[in-house]
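Atoms within each ligand, like the ligands themselves, are counted from 1 in listed order. FYI, side chains are in, hydrogens and waters are out, and symmetry mates aren't considered; it's all heavy atoms of this structure.
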Amino acid sequence: MPIKLYDLVTKRGTGVFFSNNCSPVRLALLAKGVDFVTEEVEYPDLRFTWTPVLAKELGVEKATAPFIECEDGKHVMDSLTIALWLDKTYPDRYNLFLPEAELPVDVESQDYKQAVQRFEKMEEELNDLIAQVDELYGPRIVSQLDAESGSYWVEKNGYGKDEWKNLVATQNDPSKVQTIQRTLGKLAEEHLTGGASFLTSATKPGFTDFVMVGISRLLRSLSAQLYRETFQGPKSGQFANWALRMDEAFPLADIRARDLQD
Ligand SMILES: N[C@@H](CCC(=O)N[C@@H](CS)C(=O)NCC(=O)O)C(=O)O
């Protein structure tokens, strides 16, 4: 039986795949070449169907996407936990954190542990970018959700009434795009230098690249124009070339077919 990847969408069957945490796991499964199927879930499915199940099984407070169902019916939740589980369970396939290293993956080696630490450091560095992307993504994702899920989203992200009103009113402010371009440009200068084609290693993409694809998906799923202006724009430095390389490696045709066009 294939692994099941529970991926969050705005509407099962037709809505966009927007989740920045789910995409990295999808790419990790593809990189590993593991047989998997997608189970689409909406916010209410997580809250009302899966939270009781995973709270009991895993002791978590609430179910969040992504989680996977393994062949034995057990679940693993949280994108990094799933990536580490994949490397441990399928050591003879692609190394997600040290993609240039020889196989099998040795998850106990110092090199591997250091690579995971580098990933965690980089992930922290990406928090500013996520916050900037959220300013454009927030109003747009809420407009795609049903009213109840939209209110849940605004509340769970801690927006006060006036703050949310202001965010909606300023969602087309060009300075927001420029801020993201500047941040991407800086990240590219720091991490895509000296001929490096990818963030995780010079020649092969890995989990850091997959996380970046996840961040780009927050915009790409909701606005082709915003994606063009940020991740594909010349002002974002080497990210435009990186984005092309990632598309070539992972075309994700079924996912991208659901993206909104503007
Ligand atoms: N650290 C977790 C974060 C997962 C997460 O927050 N997922 C969001 C979707 S991107 C979610 O499921 N939210 C549901 C909710 O807050 O009710 C991971 O990396 O998987």
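- In Leu80, neither the side chain nor the backbone holds a heavy atom less than 4.0 Å from any atom of ligand 1.
- Per-residue contacts place Leu46 under 4.0 angstrom from the following atoms of ligand 1 (heavy atoms of the residue considered): 12 (O), 14 (C).
- Scanning both residues, Tyr94 and Pro205, for their nearest heavy atoms gives OH-O, 2.6 Å.
- At least one N/O-N/O distance between Ala65 and ligand 1 falls below 3.5 Å.
- Counted by atom type alone, Tyr112 and Asp87 present one or more donor-acceptor pairs between their side chains at under 3.5 Å.
- Of all the atoms in ligand 1, the ones that sit under 4.0 Å from a non-hydrogen atom of Tyr152 are 15 (C), 16 (O), 17 (O).
- Atom 6 (O) of ligand 1 has its closest protein heavy atom at Asn21 ND2, 3.9 Å.
- The Asn20 neighbourhood of ligand 1 comprises atoms 10 (S), with distances under 4.0 Å to a heavy atom of that residue.
- For atom 16 (O) of ligand 1, the closest non-hydrogen atom of the protein is Lys62 NZ, 2.7 Å.
- Considering only non-hydrogen protein atoms, atom 1 (N) of ligand 1 sits nearest to Asp78 OD1, 2.9 Å.
- In terms of polar-atom proximity, Ser79 is counted as a contact of ligand 1, with an N or O under 3.5 Å from an N or O of the ligand.
- Looking at Lys156 next to ligand 1, an N or O pair under 3.5 Å apart turns up.
- A donor atom on one side chain and an acceptor atom on the other are not found under 3.5 Å apart for Gln238 and His191.
- By the criterion of a heavy-atom distance under 4.0 Å, neither the backbone nor the side chain of Met77 is placed next to ligand 1.
- Looking at residues two or more places apart in sequence or on another chain, you find a salt bridge (Lys or Arg N to Asp or Glu O under 4.0 Å) between Glu108 and Lys113.
- Using the six-membered ring where Trp is involved, Phe67 and Trp50 have ring planes that are tilted, between 30° and 60° apart.
- Judged purely by atom type and a 3.5 angstrom limit, Glu163 uses its side chain to pair as donor or acceptor with the backbone of Gly160.
- Using a 3.5 Å distance cut-off with no hydrogens or angles, the side chains of Ser221 and Asp259 do not pair a donor with an acceptor.
- In the vicinity of Pro66, heavy-atom distances shorter than 4.0 Å reach the ligand 1 atoms 20 (O).
- At a cut-off of 3.5 Å, with distance as the only test, no side-chain donor of Gln232 or Tyr227 sits close to an acceptor on the other residue.
- By the 3.5 Å distance cut-off applied to N or O atoms, Ser19 is not counted among the residues near ligand 1.
- Counted within 6.0 Å of CD on Glu248, heavy atoms from surrounding residues, nucleotides or ligands total 12 or fewer; the atom is thus considered open.
- For ligand 1, none of its N or O atoms has an N or O atom of Thr64 under 3.5 Å away.
- In summary, the side chains of Thr81 and Asp78 do present a donor paired with an acceptor at a separation below 3.5 Å, with no hydrogens or angles considered.
- The shortest N/O to N/O separation between Tyr43 and ligand 1 does not fall below 3.5 Å.
- Here is the list of ligand 1 atoms found below 4.0 Å of a heavy atom in Leu8: 9 (C).
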